[in-house]
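Below is one structure; the comments refer to it alone.
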Amino acid sequence: MKAMKGPAIFLAQFLGDSAPFDTLDGLAEWAGALGYVGVQIPCDPRLIDLKLAAESKAYCDDLRGRLAKFGVEPTELSTHLQGQLVAVHPAYDQLFDGFAPAALHGKPAERQAWAVDQVKLAARASANLGLNAHATFSGALAWPYVYPWPQRPAGLVEEAFAELGRRWTPILDVFEEAGVDCAYEIHPGEDIHDGATWERFLEAVGNHPRARILFDPSHYVLQQLDYLDFIDRYHDRISCFHVKDAEFNPTGRTGVYGGYESWVNRAGRFRSLGDGQVDFVGIFSKLAQYGYRGWAVLEWECALKRSEDGAREGAPFIRDHIIHVTDRPFDDFAASGVDRAAIRALLGLSPQRD
């Protein structure tokens with residue numbers, strides 16, 4: 001039985017203005033030298049021409065060939081920033097303008113149309129790259145009302161998710177045509193931020209077969225969700241996996257909401273792999289138990305450690321946690337080889353005629 005694939009690394013946190021972090025080839029060579037065999041690629045024009053990738057199989061074959069020179073392959077494309085812009089509450093318009101081209105700033109309707117087109121292009125580009133899953137965000141309309149004070153008017157949450165469903169269903173249909181899963185990262189700040197909101201969204205899109213989950217346990221730690229139980233409940237919809245650590249150390253001064261403190265001073269904060277509290281042995285075991293065959297992708301974010309150190313340590317950490325599922329029971333050596341007649345005799349039953 002095949003194991004999950006990896007180790008891989010999400011390039012978004014490492015993309016920069018200087019070599020080797022300023023080009024896809026430079027990042028691929030750097031990642032390959034660290035022991036990664038896959039890269040998750042954000043749909044940034046510095047790394048990929050998304051429109052050309054959606055239209056040209058030859059361009060995608062060339063991109064895969066360039067990566068292969070460094071011993072890596074694409075795992076998924078990511079439209080986290082574009083997906084965020086599919087649904088934006090007006091309170092966040094100015095803050096999220098930075099996720100779109102400058103020509104669209106201050107134009108929320110045009111910005112949304114651009115974002116929808118980008119995610120659809122990513123579906124087609126993923127197919128041309130031979131990928132079967134895509135990573136994104138859902139965006140949010142109801143997030144400003146996440147805490148029930150002042151009291152929410154009846155129907156507000158229901159209408160927010162109905163609208164989210166109306167916006168995403170046509171996009172999911174494009175993913176269906178492309179044969180690619182659309183995996184939403186369950187993440188605070190998105191309308192899909194826990195199991196309950198995932199169920200609301202899934203209902204709003206009519207249980208669309210391409211609506212899937214990007215599982216990242218770090219965001220569950222910060223919300224104090226049971227991430228192992230989450231896998232038990234929703235494993236059949238998990239198509240992507242961010243391997244990311246976190247810790248939660250509440251005090252009498254600050255807890256889940258963070259007190260507007262910096263990341264260093266919050267009770268909940270992201271950490272490099274192995275430095276936090278996430279039970280990765282439990283997670284990799286659960287995913288192996290349920291037959292997850294996607295990629296294990298490091299997403300590095302840490303309030304303390306240097307990014308280069310986190311990346312260097314991440315590849316062996318993931319490699320050592322991947323479980324190659326056994327193809328036979330561990331107690332096969334003790335199999336008695338008893339036939340059916342003997343079994344019936346052991347049960348005190350008379351021989352049965354065929």
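Worth knowing before you read on, the calculation uses all heavy atoms, side chains too, and leaves out hydrogens, waters and symmetry mates.
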Query raised in the report: Rounded to the nearest 0.5 Å, how far does CZ of Phe241 lie from NZ of Lys5?
Result: 14.5 Å
Report task. Would you mind checking if Arg312 and Asp309 are paired as a salt bridge, meaning a charged N to carboxylate O distance below 4.0 Å? Result -> yes
Query raised in the report: Is the backbone N or O of Phe248 less than 3.5 Å from a side-chain atom of Gln277, with the two atoms forming a donor-acceptor pair by type?
Result: yes
Query raised in the report: Within the distance-only criterion (no hydrogens, no angle test), does the side chain of Ser56 pair as donor or acceptor with the backbone N or O of Leu52 below 3.5 angstrom?
Result: no
Query - Test side-chain hydrogen bond (donor to acceptor under 3.5 Å, both in side chains) applied to Tyr145 - qualifying residues, sequence neighbours left out - result: His89
Query - Test item: side-chain donor near acceptor, Asp117 and Gln82, under 3.5 Å - result: no
Report task. Could you state whether Leu287 and Val281 fall into the same hydrophobic cluster, counting links through intermediate Ile, Leu, Val, Met, Phe, Trp or Tyr residues with side-chain heavy atoms under 4.5 angstrom apart? Result -> no
Query raised in the report: Trp295: which other cluster members, linking ILVMFWY side chains closer than 4.5 Å, directly or transitively?
Result: Phe10, Val37, Val297
**Report entry** Pairs involving residues 22-37, ordered by first then second residue, that meet side chain to side chain donor-acceptor pair (under 3.5 Å) (sequence neighbours left out)
**Finding:** Asp25-Arg66
Query - Centroid-centroid under 6.0 Å between Phe215 and Tyr227 rings - result: no
Report task. Please report the shortest heavy-atom distance between Gly255 and Ala267, naming the atom on each side. Result -> O-CB, 3.7 Å
Query - Residue pair Arg64, Asp61: steps toward the salt bridge (charged side-chain N to carboxylate O under 4.0 Å, His left out) verdict - result: CA-CA 5 Å; Arg64 289 189 71 99; Asp61 289 344; over 6 Å; no
Query raised in the report: So, the side chain of Thr136 versus the backbone of Thr79: is there a donor-acceptor pair under 3.5 Å, distance only?
Result: yes
Requested in this report: Could you tell me whether His193 and Trp143 have their ring centroids closer than 6.0 angstrom?
Outcome: yes
Query raised in the report: Any side-chain heavy atom of Glu185 within less than 4.5 Å of one from His219?
Result: yes
Report task. Give a yes or no on whether a salt bridge exists between Arg200 and Glu203, defined as a side-chain N under 4.0 angstrom from a carboxylate O. Result -> no
Query - Atom pair NE2 (His242) and CD1 (Ile186), whose distance is rounded to the nearest 0.5 Å - result: 12.5 Å
Query raised in the report: Ion pair present between Asp181 and Arg237, side-chain N to carboxylate O less than 4.0 angstrom?
Result: no
Requested in this report: Would you tell me whether Glu199 and Tyr234 have side-chain atoms, one donor and one acceptor, within less than 3.5 Å of each other?
Outcome: yes
Requested in this report: Compute the ring centroids of Phe161 and Phe201, then answer whether they are less than 6.0 Å apart.
Outcome: no
Requested in this report: Decide whether Ile213 and Phe175 are clustered together by the hydrophobic rule: side chain heavy atoms of Ile, Leu, Val, Met, Phe, Trp, Tyr closer than 4.5 Å, transitively.
Outcome: yes
Query raised in the report: Between Val157 and Glu159, is a side-chain contact (heavy atoms from CB on, under 4.5 Å) present by the stated rule, with each step listed?
Result: CA-CA 5 Å; Val157 172; Glu159 183 57 32; over 6 Å; no
Query raised in the report: Going by side-chain heavy atoms closer than 4.5 Å, which hydrophobic residues are tied to Trp149, directly or by a chain of links?
Result: Tyr147, Tyr257
Query raised in the report: Are the side chain of Asp245 and the backbone of Gly274 linked by a donor-acceptor contact shorter than 3.5 Å?
Result: yes
Query raised in the report: If only atom types and distance count, is the side chain of His235 paired as donor or acceptor with the main-chain N or O of Tyr290 below 3.5 Å?
Result: no
Query raised in the report: Linking I/L/V/M/F/W/Y whenever their side-chain heavy atoms sit closer than 4.5 Å, directly or via other members, would Leu156 and Tyr92 fall into one cluster?
Result: no
Query raised in the report: Hey, what do you get for CG (Asn128) to CG (Leu77), rounding to the nearest 0.5 Å?
Result: 10.5 Å
Query raised in the report: Under a single-linkage definition using a 4.5 Å side-chain heavy-atom cutoff for Ile, Leu, Val, Met, Phe, Trp and Tyr, are Phe14 and Leu273 assigned to the same hydrophobic cluster?
Result: yes
Query raised in the report: Looking only at heavy atoms, what is the nearest atom pair of Ala8 and Thr75, with distance?
Result: CB-CG2, 3.6 Å
Query raised in the report: In terms of the angle between their ring planes, are Trp198 and Tyr184 parallel, tilted or perpendicular, with boundaries placed at 30° and 60°?
Result: tilted
Requested in this report: Please name the pair of heavy atoms, one in Pro351 and one in Arg344, separated by the smallest distance, quoted to 0.1 Å.
Outcome: C-NE, 4.1 Å
Query raised in the report: Are the side chain of His105 and the backbone of Ala100 linked by a donor-acceptor contact shorter than 3.5 Å?
Result: yes
Query - Within 6.0 Å of CG in Asp320, more than 12 heavy atoms from elsewhere - result: yes
Query raised in the report: Which pairs with one or both residues in residues 134-152 pass salt bridge (Lys or Arg N to Asp or Glu O under 4.0 Å), sequence neighbours excluded?
Result: none
Query - Pairs touching residues 264-275 that satisfy side chain to side chain donor-acceptor pair (under 3.5 Å), sequence neighbours left out - result: Glu247-Arg269, Glu247-Arg271, Ser262-Asn265, Ser272-Trp300, Asp275-Lys305
Report summary line: Rounded to the nearest 0.5 angstrom, the CG-CG distance for Asp44 and Leu47 is 5.0 Å
Query - Same cluster (ILVMFWY, side-chain, under 4.5 Å), Trp114 and Ile48 - result: no
Query - Rounded distance (nearest 0.5 Å) linking atom CG of Asp173 with atom CZ of Arg210 - result: 11.5 Å
Requested in this report: Specify the closest pair of heavy atoms between Ala178 and Ala123, including all atoms of both residues, with the distance to one decimal.
Outcome: CB-O, 3.6 Å
Query - Short side-chain to backbone donor-acceptor contact, Arg124 and Ala53, under 3.5 Å - result: no
Requested in this report: Could you tell me whether the side chain of Arg111 and the main chain of Phe99 form a donor-acceptor pair under 3.5 Å?
Outcome: no
Query raised in the report: Closest approach of Ala315 and Pro7, non-hydrogen atoms and distance?
Result: O-CG, 3.6 Å
Report task. Please check if the side chain of Gln151 supplies one atom and the backbone of Pro148 the other of a donor-acceptor pair under 3.5 Å. Result -> no
Report task. Answer yes or no: is there a donor N or O on one side and an acceptor on the other, between the side chain of Lys69 and the main chain of Gly65, under 3.5 Å? Result -> no
Query - Nearest-0.5 Å distance that lies between atom CD1 in Ile238 and atom CZ in Arg233 - result: 12.5 Å
